[in-house]
Amino acid sequence: MKRIAVVPGSFDPVTLGHMDVIQRAAGLFDELHVLVVHNPAKTALLPITERVTLLEQSIDEAGSPGTIIVASWSVGLLVDYATDVGASVLVKGIRSQVDVAYETPMAIVNRHLAGVETIFMLPDPAHAHVSSSLVRQVSSLGGDVTPYVPAPVARFLNRS
Ligand code: PNS
């Protein structure tokens, strides 16, 4: 049986911390779905389609130890997507206790809803301070985001 997992997130935009988790998770599963999900609690910088394109370009440029599928999901529960594609695991990156507190209730609810387990991965400490919200702020104020994001995202944001 194929081991299939989903890495969900806003990815607005994808950061080097996300890429670290995505690439290491791809080596652990037969198929990894990187799923862009709209988070109504956050003010978006990029449209979903642009986030998907930048993820695809970033994964292409970085290479991957396994099969990665980039998709987006806007209808219904995250676990509905996971069930549709045969995934029994969600993978989330955890940088701090704040992330643990944010992710824990979602992990419990997703397991109750559909029996989907959540695995937490620690990003490399080199990326512990990097977040999409920090990138959005630096970018919107005209700063250089190159140290925090994959090259395709830096090219896109630094020229827009
Ligand atoms: O990168 P983010 O914004 O922290 O990602 C959060 C996200 C999109 C993964 C989360 O908001 C989510 O899982 N949304 C899907 C909606 C859903 O299924 N909710 C019910 C169970 S928590």
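What you see is a predicted model; the values in this text were computed from it and never measured. Just so you know, ligand 1 is whichever comes first in the structure, and atom 1 is the first atom listed for that ligand.
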Using a 3.5 Å cut-off and no angle test, enumerate the donor-acceptor pairs between side-chain atoms of residues 89-96 and protein atoms at least two apart in sequence or in another chain.
unit_1 : atom_1 : unit_2 : atom_2 : d
Lys92  : NZ     : Glu103 : OE1    : 2.6
Arg95  : NE     : Asp99  : OD2    : 2.9
Arg95  : NH1    : Val130 : O      : 3.0
Arg95  : NH2    : Asp99  : OD1    : 3.2
Arg95  : NH2    : Asp99  : OD2    : 3.3
Ser96  : OG     : Val98  : N      : 3.2
Ser96  : OG     : Asp99  : N      : 3.4

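Among residues two or more places apart in sequence or in another chain, the salt bridge (charged side-chain N to carboxylate O under 4.0 Å, His left out) test is passed with Arg111 by none.
Counting heavy atoms of neighbouring residues, nucleotides and ligands inside a 6.0 Å radius, atom CZ of Phe11 exceeds 12 of them. Within 6.0 Å of CD in Gln137 there are 12 or fewer heavy atoms belonging to other residues, nucleotides or ligands.
Annotation: ring-ring contact (aromatic ring centres under 6.0 Å, His included) contacts involving residues 39-91, sequence neighbours excluded, comprise His33-Tyr81, Trp73-Tyr81.
Using a distance-only test at 3.5 Å, with no hydrogens or angles considered, a donor-acceptor pair links the side chain of Asp12 to the main chain of Leu46.
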For ligand 1, list all ligand N or O to protein N or O distances below 3.5 Å, rounded to 0.1 Å.
unit_1   : atom_1 : unit_2 : atom_2 : d
ligand 1 : 1 (O)  : Ser10  : N      : 2.9
ligand 1 : 1 (O)  : Ser10  : OG     : 3.4
ligand 1 : 3 (O)  : Ser10  : OG     : 2.4
ligand 1 : 3 (O)  : Asn39  : ND2    : 2.9
ligand 1 : 3 (O)  : Lys42  : NZ     : 2.7
ligand 1 : 4 (O)  : Lys42  : NZ     : 3.3
ligand 1 : 4 (O)  : Tyr102 : OH     : 3.2
ligand 1 : 18 (O) : Leu78  : N      : 2.9

